[in-house]
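A short write-up of the structure that comes next.
We use all heavy atoms of the structure for the numbers below, so side chains are in, but hydrogens, waters and symmetry mates are not. Throughout, protein chains are lettered first and strands after them, A, B, ... in sequence-line order, and every chain is numbered starting at 1.
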Number of protein chains: 2
Amino acid sequence: MRPTTRDLAKAAGVSLATVDRVLNGRAGVRKKTVDAVNDAIRRIGFERNQIAATLARQRGYRFGFALPRSGGEFMEEILDRIREFDKAGRAEMVEARVIHLDDQNPHRAARTLSRLSAEDLDGLAIMAPETPQIRDAIQRMRERGIQTVPFVSNQQEDGFVGIDNRAAGATAGRLMGRFLGSVQGAIVALTETTQSRDSLERRLGFDSVINHEYPGLRILPTLETHGDPGRTELVLRNVLAAHDDIVGLYLMGAEAHTPIDIARHLQATENRVTIAHERTPSTEAALRQGDIAAVIHQDPGHLVRSAVRILRAKCENRAILASQERIRIEILIAENL
Amino acid sequence: MRPTTRDLAKAAGVSLATVDRVLNGRAGVRKKTVDAVNDAIRRIGFERNQIAATLARQRGYRFGFALPRSGGEFMEEILDRIREFDKAGRAEMVEARVIHLDDQNPHRAARTLSRLSAEDLDGLAIMAPETPQIRDAIQRMRERGIQTVPFVSNQQEDGFVGIDNRAAGATAGRLMGRFLGSVQGAIVALTETTQSRDSLERRLGFDSVINHEYPGLRILPTLETHGDPGRTELVLRNVLAAHDDIVGLYLMGAEAHTPIDIARHLQATENRVTIAHERTPSTEAALRQGDIAAVIHQDPGHLVRSAVRILRAKCENRAILASQERIRIEILIAENL
DNA sequence: AGGATTTTGAGGTGCGTGCCTCAGAAATTT
DNA sequence: AAATTTCTGAGGCACGCACCTCAAAATCCT
C-alpha cells in the first residue's frame with residue numbers, strides 16, 4: 001500500500017495538520033519541522049495522491065488558451081482540439097477554454113490578460129507577440145498565482161510548447177534538396193510577414209541546409225502576402241515572370257490555404273516541388289492531389305494536451321516528462337496522412 | 001455545478017442505491033428502472049466523476065503489457081516508456097507492468113496469459129503472434145473480465161494500437177522514389193522474417209508505390225536475416241555481388257541495428273538511398289551520419305499511453321477520442337530528430 | 001389470497017486529501 | 001517570571017462515489 005499523509009505524519013513525528021501545512025506550503029511552521037517532514041517524505045517515499053487531492057480541492061483545474069481572435073485553418077484545428085479536450089477532461093475535473101486576444105492592439109490584449117484572476121483560472125497557455133506590455137501583463141499574472149506557458153508562437157523561453165522552427169525550416173530545406181535531386185534553379189519562399197519570429201527562424205533553417213548542401217539551388221528573397229489574396233497573387237505572378245528557373249516553392253506561413261489556391265490557379269506548382277507548413281484541410285487536399293510534395297506539421301492535439309500537462313505540473317509543483325512534451329516536427333506526404 | 005449521483009437519483013425518481021446499481025451494472029434492477037435512470041442521465045447530462053470513482057474504488061488501475069522476452073532496441077524503447085509511465089502514473093493511481101511471453105513457444109505463452117487473474121490486472125496490451133492457443137487464451141481472459149487490446153504487432157482487429165503497416169511501407173516507397181529522383185535500378189528489401197504480418201504488409205505497401213509510380217525501379221525478392229548477423233552479412237554480400245545496379249536499401253524489420261552495421265561495413269549504403277524502420281539509438285546515429293536517408297517511425301511513448309487510455313476507457317465503459325489514438329507514421333530525417 | 005421472490009430504498013462507512021477551528025504547547029519577548 | 005507571540009496537535013467536515021446491509025415494497029407464482 002502506498003504511504004498516505006497519515007503514514008507521513010507518523011514517520012515525521014508530527015500531526016496531520018502539520019503535514020498539511022508543509023505539503024501545501026502554508027505559513028507558520030518552523031524550518032526545523034519543515035525539514036523533518038521533507039525528510040520523512042523522502043524516507044518513506046511518500047507521494048501525494050493527486051486523485052484524492054483534486055477531489056478534496058473541490059475545484060478541478062481551469063486552464064485557458066490565450067489566442068489571437070483572427071486565425072486561419074490551423075488555428076481552427078487548435079480550437080477544435082481545445083474544445084475536444086475540454087469535453088473529455090470534464091470527467092477528470094479539468095476544464096479548458098479559449099480567451100481571445102486582440103491581435104492588432106497589444107495594449108488591449110495586455111488589458112485582457114490583466115483582468116484574469118486566479119479565482120477563475122489556474123493556468124494559461126499564451127500565444128501572443130512579445131511586446132513590452134504583454135510581457136508585463138504576463139509577469140503580473142504570474143505574481144497573481146496564475147501559471148503560464150508560451151504556446152506555439154515562439155517566446156524563446158524554456159518550457160515553450162511548440163516546435164523548434166529553425167529545425168522545421170531545415171527539415172523543409174532538406175526535403176526540398178532531396179526531392180529536387182540533381183535539378184537546379186531558384187526557390188520561392190513565401191510567408192505572411194517576415195516580421196514574425198516563426199517565419200524568420202524557418203527561413204534561417206531552410207537557408208542553412210540549402211546553401212551549404214545544395215549549391216545548385218538558390219533561394220529568392222522572402223515574399224510577403226500579409227494574408228491578402230490580391231497581394232499573394234501579385235507577388236507570385238511577378239516572381240514567376242521574373243525568373244524562368246523556379247523549381248521549388250516553400251510556403252513558410254501557417255496559413256497555406258490562399259497561397260496554395262493561387263499557386264494552383266497560376267499553375268505554379270506543376271513540375272515544381274512545393275513544401276508547406278501545418279496540416280489543414282487545404283494542405284491535406286493539396287497533398288493528396290499532388291500539388292504539394294510535403295507538409296511540415298506540428299500536431300495540434302499534442303500541442304493542446306502538452307500545454308495542459310505542463311500547466312498542471314506547474315500547479316501541482318511536479319516535474320514533467322520531458323520526453324513526452326517535445327513536440328515533434330512531423331513530415332507528411334500523401335502516403336502517411 | 002456538475003450533476004452528481006444525488007442529482008441523478010432525484011431526477012430519475014429513484015434512490016442512490018438504485019443509481020449505483022445501474023451505473024455499475026449490478027444485477028437485480030428491472031429494465032424499466034434501468035431505462036428511467038439512463039433517461040435521466042441523458043436529460044440532466046450526468047457524467048460520472050472519475051476522480052471520485054477511482055478514489056472510492058480503492059484500487060486504481062493495473063495494466064499490463066504482454067511482450068516477447070527477446071527484443072531489440074525498439075523493444076527496449078517501449079520498455080523504457082512503460083517504466084516511465086508507471087512511475088508518472090502512480091500519482092494518478094494507474095500502474096503499468098510488463099509480462100514477458102515466451103516468443104518461441106506459443107503454448108507456454110498461452111499458459112502465461114491464462115494464469116492472469118482479474119484480481120491483479122484490469123487490462124492487458126498484447127503483442128503476440130496469432131496462434132490458435134493464444135487467441136483462445138485471450139478470449140478466456142476477456143471472459144474473466146480483463147480488458148485487452150492488440151499492441152503494435154498487428155492483430156487486424158479494430159482498436160489495434162499501432163501503425164498501418166501497409167501505409168508505412170507505402171510511405172517508405174514514396175520517399176525512396178522521390179529521393180532517387182531520376183535514378184534507375186534495383187532495390188534491396190531486407191527483413192528478419194517474411195513470416196510476420198508486419199513485414200508482409202510493409203512490402204505490399206512499398207511495392208504498390210514503386211511499381212505503379214516509379215517504373216525505373218525494381219524491387220528484388222525480400223531477403224531474410226532471421227536476426228542472425230552472419231546470415232545478414234551473407235545475403236547482403238550475395239545480393240550486392242549479383243546485381244550491379246542496386247540503388248536503394250529498404251530495411252523493413254523492426255531491428256535495423258545489425259543490418260545497418262553490416263551494410264556500413266560492406267559499404268553498401270554509399271551513394272545509395274537507405275530507409276529503415278523505428279527510431280533507435282542505431283538508426284538515429286545512422287541518420288546523423290548520413291548512412292540512411294530516412295526512418296519510418298512510430299512513437300513508443302505514444303503507443304504505450306494510447307494503449308493505456310484505450311484499456312482504461314474500456315474499463316470505465318467510456319468512448320475514446322479516436323483522433324488522439326491514431327498512431328502516426330512518422331518520417332524522420334537528420335533535421336527533425 | 002397467500003407465500004415466495006424480486007426489486008427498491010434508506011442509511012452507513014470509507015477512500016486520501018484539503019481546509020477549517022480551537023486549544024494547548026513551545027519559543028520568544030518584555 | 002509573566003506576557004506575548006509563534007508553532008503544533010486533535011479533531012471534524014467535505015468532496016463524489018463504491019460498496020455494504022437490512023428492511024420494506026412491489027411483483028410473481030401457486
Query raised in the report: Salt bridge between A/R328 and B/D299, side-chain N to carboxylate O under 4.0 Å?
Result: yes
Report task. Grab the CE-P distance between B/M93 and D/dA18 for me, whole Å please. Result -> 13 Å
Query raised in the report: Would B/E316 and B/R318 pass as an ion pair if we require N to O under 4.0 Å?
Result: yes
Query raised in the report: Could you give the CZ-to-C1' distance, from A/R2 to C/dG16, as a whole number of Å?
Result: 10 Å
Report summary line: Considering only heavy side-chain atoms of A/T4, the closest of D/dA18, C/dT17, C/dA10 is C/dT17
**Report entry** Whole-Å gap separating C1' (D/dC17) and CG (B/N24)
**Finding:** 9 Å
Query - Selection: residues 34-58 of chain A, any non-hydrogen atom under 4.0 Å of DNA chain D - result: A/L55, A/A56, A/Q58
**Report entry** Length of the CG-P vector between A/N317 and C/dT17, whole Å
**Finding:** 16 Å
**Report entry** Note: A/D80-A/R83 ion pair, threshold 4.0 Å (strictly below)
**Finding:** yes
Query raised in the report: Would A/D20 and A/R26 pass as an ion pair if we require N to O under 4.0 Å?
Result: yes
Query raised in the report: How long is the line joining CZ of B/R30 and P of D/dA26, in whole Å?
Result: 10 Å
Query raised in the report: Are the charged groups of B/E84 and B/K87 less than 4.0 angstrom apart, N to O?
Result: no
Query raised in the report: Is any side-chain N or O of A/T5 closer than 4.0 Å to OP1 or OP2 of C/dG16?
Result: no
Query raised in the report: So what does B/G60 touch, heavy atoms closer than 4.0 Å: a base, only the sugar-phosphate, or nothing?
Result: nothing
Listed pairs, N/O of protein and of nucleotides 20-24 of chain C, under 3.5 Å:
none

Query raised in the report: Hey, is B/D102 close enough to B/R111 for a salt bridge, meaning N to O under 4.0 Å?
Result: no
Query raised in the report: Do B/K31 and B/D35 sit within salt-bridge range, that is, some charged N less than 4.0 Å from a carboxylate O?
Result: yes
Query raised in the report: What residues, two or more places apart in sequence or in another chain, satisfy side-chain contact (heavy atoms from CB on, under 4.5 Å) together with A/D103?
Result: A/P68, A/R69, A/S70
Query raised in the report: Between B/D122 and B/R312, is there a side-chain N and carboxylate O pair less than 4.0 Å apart?
Result: no
